[in-house]
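The first residue of the sequence shown is numbered 1, and numbering continues consecutively from there. Values below: all heavy atoms of this structure, side chains included; hydrogens, waters and symmetry mates excluded.
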Amino acid sequence: MNVLISGLIAGVLFGFLLQKGRVIRYDRQIGALRLIDMTIVKFFLSAVIVAIVGIHIIHLLGIAKPLILPTRLGANIIGGVIFGIGWGLLGYCPGTSLGALGEGRYDALWGIIGMIAGAGLFAEAFPKMNQTIFSWGQMGSVTIPQVLGVNPWVVIIAFIIGVIALFVWFEKKNL
C-alpha cells in the first residue's frame, strides 16, 4: 500500500479515536494540565504501549527497522518547555487542536496558526540552533535498554506493568 495512503488512513483512525475518547475536549485538556482528569494521560499511555509493542514486533519479524534518532537533551528540554507553555496557554496540544477545529471549535485556530508560525521560525533558526542548542547534551542514538544493558522486552514489560499500576492508582483516586 502506498505510504501516503496508509499514513492518511492511520491519521484518520487516530483522529477518530481522539474524538471518541473525548480527549480533544477543552475541559479534558485543562483537567490534565491541572492533574484532576487523567483521561488524556490514560489515552496516550495506552497508545504508547500499543506503539512500543507494535514497533518491536514488526522489527522482530523483519518488516521494518526502527530509526533511533540521536538524543539531544538541550533541544528536548527547550522544545518541551515551549510545547508546555503553548499547551497551557491555549488549552490544546497540537493534535487535539486540529481535532477541536474539526469539531468546529474555532478557538483552536490560534494554536494552529501558532504551530505554523513556530515551524517557520524553527526552519529559519535551525542552522544557528544546530550549532548551539542541538549540541547541548548530545548522547548519540541510544535507547533505554542499551543504557541498562538488557533485552528491550524487559523494559517494555516493566513499562507496561508500571502503566497498569498507574491506571489502577488513577481509578482509586477517581482521576
Side-chain angles (χ1 to χ4, degrees), residues 3 7 10-11 14 18 23-24 28-60 63-99 108 110-167 169-170 175:
V3 175
F14 187 64
L18 284 174
V23 297
I24 60 176
R28 297 274 188 204
Q29 296 286 319
I30 296 302
L33 290 171
R34 295 180 60 214
L35 302 175
I36 59 173
D37 184 344
M38 295 292 113
T39 302
I40 293 171
V41 174
K42 291 186 268 188
F43 181 89
F44 281 104
L45 283 175
S46 299
V48 168
I49 288 172
V50 170
I52 290 172
V53 171
I55 286 168
H56 278 79
I57 287 173
I58 64 172
H59 177 62
L60 285 175
I63 297 171
K65 183 179 179 206
L67 172 65
I68 310 299
L69 297 174
T71 300
R72 297 175 171 151
L73 295 178
N76 289 351
I77 292 168
I78 292 170
V81 167
I82 292 169
F83 178 91
I85 289 170
W87 187 13
L89 289 174
L90 183 65
Y92 298 112
C93 65
T96 58
S97 65
L98 294 169
W110 292 108
I112 296 166
I113 291 168
M115 285 188 288
I116 293 167
L121 182 63
F122 175 80
E124 288 298 317
F126 181 79
K128 185 67 175 168
M129 290 187 340
N130 205 24
Q131 298 169 356
T132 56
I133 296 169
F134 282 0
S135 66
W136 302 340
Q138 284 193 14
M139 299 177 67
S141 297
V142 297
T143 64
I144 294 172
Q146 288 172 335
V147 170
L148 297 176
V150 298
N151 184 299
W153 288 102
V154 172
V155 175
I156 292 168
I157 291 168
F159 181 75
I160 291 171
I161 291 169
V163 168
I164 291 170
L166 186 63
F167 285 3
W169 185 76
F170 285 162
L175 297 171

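- Among residues at least two apart or in separate chains, side-chain hydrogen bond (donor to acceptor under 3.5 Å, both in side chains) pairs with a member in residues 32-45 are Arg28-Asp37, Arg28-Thr39, Asp37-Thr39, Lys42-Glu171.
- Here the closest non-hydrogen pair linking Leu18 and Phe44 is CD2-CZ, 3.8 Å.
- The number of heavy atoms from other shown groups lying within 6.0 Å of CD1 (Ile144) does not exceed 12.
- The aromatic rings of Phe122 and Phe134 are tilted relative to each other, their planes meeting at an angle between 30° and 60°.
- A distance of 9.0 Å separates CD1 in Ile30 from CD1 in Ile40, rounded to the nearest 0.5 Å.
- For the atom pair CG (Leu175) and CH2 (Trp169), the distance works out to 6.0 Å, reported to the nearest 0.5 Å.
- From Gln131, atom CD reaches atom CZ of Phe126 across 10.0 Å, with rounding to the nearest 0.5 Å.
- When all heavy atoms are compared, the tightest approach of Leu45 to Phe159 is CD2-CZ, 4.0 Å.
- Annotation for Asn151 and Trp153: closest pair OD1-N, 2.8 Å, computed over non-hydrogen atoms.
- Atom CG of residue Leu166 and atom CZ of residue Phe170 lie 3.5 Å apart, to the nearest 0.5 angstrom.
- For the residue pair Ala108 and Ser97, the shortest heavy atom distance occurs at CB-O, 3.3 Å.
- Here the straight-line distance linking atom CD1 of Ile63 with atom CD1 of Ile55 works out to 12.5 Å at 0.5 Å rounding.
- Across every non-hydrogen atom of Pro152 and His56, the tightest pair is CB-NE2, 3.6 Å.
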Listed pairs under 3.5 Å, donor-acceptor, residues 67-90 side chains, sequence neighbours left out:
from	atom 1	to	atom 2	distance (Å)
Trp87	NE1	Gln29	OE1	2.6

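- In plain terms, the two heavy atoms of Ala32 and Met38 that are nearest each other are O-CE, 4.1 Å.
- Two residues are said to be in side-chain contact when any heavy atoms from C-beta on lie closer than 4.5 Å; Ile160 and Val53 meet this criterion.
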